[in-house]
Amino acid sequence: QVQLVESGGGLVQAGGSLRLSCAASGGTFRNYAMGWFRQAPGKEREFVVAISWSGGSTNYADSVKGRFTVSRDNAKNTVYLQMNSLKPEDTAVYYCAASPLRGAATPNTPNRYDYWGQGTQVTVSS
């Protein structure tokens, strides 16, 4: 059983930056591909980015390409999401998730993930 805890959310002005972290425990972190999803009020959960278990492959949603960067530190059991040039439409609760898919897999659908964090709120003001 893997436990995931996100941190780093907050309130930022448009054009600003935030760095989210997701700390994992209770499992072998390097065995999991990791993803970030977000959910705005009244909307479905949306894929943001995924990174393979080794960190060698990434998969970004078009809406965040060039602005967000995912990375992972397997020694620290942590995945990061650096968010730059934030826009009001980025406002959402951000969730990290762990998928048991190995290799270069970077799944972009929630049903490929077995474990989820509790989420962290990101609010971007205009």
Side-chain angles (χ1 to χ4, degrees):
Q1 189 80 4
V2 177
Q3 293 81 43
L4 303 172
V5 179
E6 301 97 335
S7 60
L11 174 63
V12 64
Q13 289 188 332
S17 298
L18 283 174
R19 188 194 195 203
L20 305 184
S21 300
C22 173
S25 62
T28 304
F29 180 69
R30 64 178 180 273
N31 286 348
Y32 294 88
M34 297 297 296
W36 287 95
F37 291 77
R38 64 188 182 187
Q39 188 165 18
K43 295 188 176 181
E44 292 187 353
R45 192 164 295 192
E46 174 190 26
F47 171 75
V48 176
V49 63
I51 185 167
S52 63
W53 68 278
S54 68
S57 297
T58 56
N59 179 13
Y60 290 87
D62 288 344
S63 59
V64 305
K65 279 182 182 176
R67 300 188 299 122
F68 290 12
T69 303
V70 67
S71 61
R72 65 188 294 163
D73 186 337
N74 286 347
K76 295 183 177 180
N77 292 348
T78 303
V79 62
Y80 305 96
L81 182 62
Q82 177 67 43
M83 305 186 296
N84 299 329
S85 302
L86 282 161
K87 305 175 181 180
E89 51 264 43
D90 294 319
T91 295
V93 177
Y94 283 70
Y95 299 89
C96 72
S99 169
L101 296 180
R102 301 295 298 278
T106 53
N108 61 3
T109 55
N111 62 1
R112 303 311 295 269
Y113 290 84
D114 290 350
Y115 304 102
W116 293 83
Q118 82 290 347
T120 186
Q121 177 70 46
V122 172
T123 303
V124 184
S125 62
S126 57

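Remember, predicted model here, so these are calculated numbers, not experimental data.
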Exercise. What residue pairs, at least two apart or across chains, pass ring pair (Phe, Tyr, Trp, His ring centres under 6.0 Å) with a residue in residues 59-80?
Worked result: none
Taking a hydrophobic cluster as the set of Ile, Leu, Val, Met, Phe, Trp and Tyr residues connected by side-chain heavy atoms closer than 4.5 Å, whether directly or through intermediates, do [X] and [Y] fall within one such cluster?
X: L81; Y: W53; value: no
X: V49; Y: W116; value: no
X: V12; Y: W36; value: yes
X: V79; Y: L18; value: yes

Show every disulfide (SG to SG under 2.5 Å) that has at least one partner inside [range], sequence neighbours left out.
range: residues 47-92; answer: none
range: residues 22-121; answer: C22-C96
range: residues 29-79; answer: none
range: residues 51-86; answer: none

Exercise. Residues in salt bridge (Lys or Arg N to Asp or Glu O under 4.0 Å) with R38, at least two apart?
Worked result: E46, D90
Exercise. Are V122 and T91 close enough that some pair of their side-chain heavy atoms sits under 4.5 Å apart?
Worked result: no
For this session: Give the intermediate values and the outcome of side-chain contact (heavy atoms from CB on, under 4.5 Å) for residues R102 and Y32.
Result: CA-CA 7 Å; R102 301 295 298 278; Y32 294 88; over 6 Å; no
Side-chain donor/acceptor of [X] to backbone N/O of [Y], under 3.5 Å:
X: T78; Y: K76; result: yes
X: S52; Y: S57; result: yes
X: E6; Y: Q118; result: yes

My understanding is that only residues two or more places apart in sequence, or in another chain, count here; which of them pass side-chain contact (heavy atoms from CB on, under 4.5 Å) with [X]?
X: S25; answer: Q3
X: S85; answer: R67
X: P107; answer: A33, S99, L101, A105, R112, Y113
X: K43; answer: A40

Problem set entry | Heavy atoms from other residues, nucleotides or ligands near CZ of R30 exceed 12 (cutoff 6.0 Å) | no
To the nearest 0.5 Å, how far apart are [atom1] in [X] and [atom2] in [Y]?
X: K65; Y: T58; atom1: NZ; atom2: OG1; result: 9.5 Å
X: F47; Y: T106; atom1: CZ; atom2: OG1; result: 6.5 Å
X: Y115; Y: L4; atom1: OH; atom2: CG; result: 9.5 Å

Problem set entry | Contacts of type ring pair (Phe, Tyr, Trp, His ring centres under 6.0 Å), residue F29, not counting sequence neighbours | none
Exercise. Nearest heavy-atom pair of K87 and V124: which atoms, and what distance?
Worked result: O-CB, 3.3 Å
Problem set entry | Near-ring test Y95/F37, centroid separation under 6.0 angstrom | no
Exercise. Taking atom types as modelled, is there a side-chain donor on Q121 or T123 under 3.5 Å from an acceptor on the other?
Worked result: yes
Seminar exercise, completed: The side-chain hydrogen bond (donor to acceptor under 3.5 Å, both in side chains) partners of N84 (sequence neighbours excluded) come to S17, Q82
For this session: May I have the step-by-step check of side-chain contact (heavy atoms from CB on, under 4.5 Å) for N59 and V70, ending in yes or no?
Result: CA-CA 9 Å; N59 179 13; V70 67; over 6 Å; no
